[in-house]
Amino acid sequence: KLLQQFIEDVEWGDLDYLVVDLPPGTGDAQLSLSQLIPITGSVIVTTPQEVALIDVEKAVSMFKKVEVPILGVIENMSYYICPSCGHNDEIFSRGGAKKLAETLKVKFLGEVPISSRVRYGGDIGRPIVIGAPQSEHAKIFMEAAQLVAELLDAGFERAGAVLRHQHRRHLQLRGPL
């Protein structure tokens, strides 16, 4: 019910994209969202360790069942770079998302390192792409966002007018639509 209220009762105004961050798990949220609105595509975000990838496979399976294309996979918490000495540590392993992208035959969107600056920016409502746009972390997010935008634009060119009309009716989007 909350998801439905979020989609239907919020005055969205003009949007280029509506990005919804869904929780990991069984795929219930993915199913609910797909029943409310047509979904153009999904981006899978995962950490590199096996236990996370098992949960992600459930979400991927649900997206496939409801015929939502997987646009790509991005790996969060891929590594940690010590701000004092520059040492790189792969705390949660590394490369699980890249292997998943290869298995799914979708675009690998990149690796996001663990960063207290990213966390802090999220906590205060000032994402790193705004708070420190020239930082390496911001560049990683911007590159991933650019790849997703390109994938969406390419999909819209192939999708034709019917899909464009459906999305405009349900979400009242502008931009690449």
Side-chain angles (χ1 to χ4, degrees), residues 1-78 92-112 122 127 129 140-177:
K1 192 75 176 159
L2 180 63
L3 189 58
Q4 183 175 358
Q5 186 177 9
F6 174 72
I7 295 296
E8 294 176 357
D9 294 349
V10 172
E11 181 60 48
W12 292 105
D14 290 332
L15 300 175
D16 291 323
Y17 304 100
L18 176 62
V19 178
V20 181
D21 185 3
L22 299 173
T26 62
D28 292 341
Q30 292 84 349
L31 177 61
S32 296
L33 186 62
S34 72
Q35 291 170 338
L36 287 171
I37 58 172
I39 302 172
T40 305
S42 62
V43 173
I44 304 300
V45 180
T46 184
T47 54
Q49 69 268 39
E50 284 298 317
V51 68
L53 294 168
I54 291 167
D55 265 355
V56 163
E57 288 174 8
K58 294 174 189 173
V60 167
S61 176
M62 184 56 71
F63 276 132
K64 285 182 177 180
K65 285 180 186 172
V66 295
E67 299 180 359
V68 172
I70 307 297
L71 300 174
V73 179
I74 190 163
E75 187 169 275
N76 195 16
M77 299 194 289
S78 293
F92 298 110
S93 182
R94 191 173 184 179
K98 189 171 190 172
K99 289 177 192 167
L100 177 64
E102 290 168 1
T103 299
L104 296 174
K105 296 178 175 50
V106 298
K107 190 85 167 166
F108 179 63
L109 301 170
E111 297 176 319
V112 179
V129 296
I140 291 168
F141 283 111
M142 294 304 293
E143 287 172 11
Q146 182 64 42
L147 286 170
V148 170
E150 289 170 7
L151 289 165
L152 288 170
D153 289 346
F156 282 123
E157 288 172 15
R158 290 190 306 271
V162 173
L163 183 60
R164 289 185 189 134
H165 174 73
Q166 286 178 340
H167 283 275
R168 192 172 295 282
R169 187 183 76 227
H170 287 280
L171 296 177
Q172 300 173 358
L173 300 178
R174 63 176 177 80
L177 300 174

Residue list, side-chain hydrogen bond (donor to acceptor under 3.5 Å, both in side chains) with [X], at least two apart or on another chain:
X: E57; answer: none
X: S78; answer: E75
X: E50; answer: none

task = Give the minimum heavy-atom separation between V73 and T46, together with the two atoms involved.
result = CG1-CG2, 4.2 Å

query = If every non-hydrogen atom of I7 is compared with every non-hydrogen atom of W12, which pair is closest and at what distance?
reply = O-NE1, 3.3 Å

Run the side-chain donor-acceptor check on residues 59-71: report pairs under 3.5 Å with partners two or more places apart or on a different chain.
none

Straight-line distance of [X] [atom1] to [Y] [atom2], nearest 0.5 Å:
X: I39; Y: L33; atom1: CD1; atom2: CG; result: 4.0 Å
X: I44; Y: L22; atom1: CD1; atom2: CG; result: 9.0 Å
X: Q4; Y: I37; atom1: CD; atom2: CD1; result: 11.5 Å

query = Above 12 or not: heavy atoms from other molecules or residues under 6.0 Å from CG of D9?
reply = yes

Under 3.5 Å, which donor-acceptor pairs do the side chains of residues 142-151 form with other protein atoms, sequence neighbours left out?
unit_1: Q146; atom_1: NE2; unit_2: E150; atom_2: OE2; d: 3.1

Donor-acceptor contacts, no H, no angles, side chain residues 92-107, under 3.5 Å, sequence neighbours left out:
unit_1: R94; atom_1: NE; unit_2: E111; atom_2: OE1; d: 3.2
unit_1: R94; atom_1: NE; unit_2: E111; atom_2: OE2; d: 3.2
unit_1: R94; atom_1: NH1; unit_2: E90; atom_2: OE2; d: 3.3
unit_1: R94; atom_1: NH2; unit_2: E111; atom_2: OE1; d: 2.8
unit_1: T103; atom_1: OG1; unit_2: K99; atom_2: O; d: 3.0

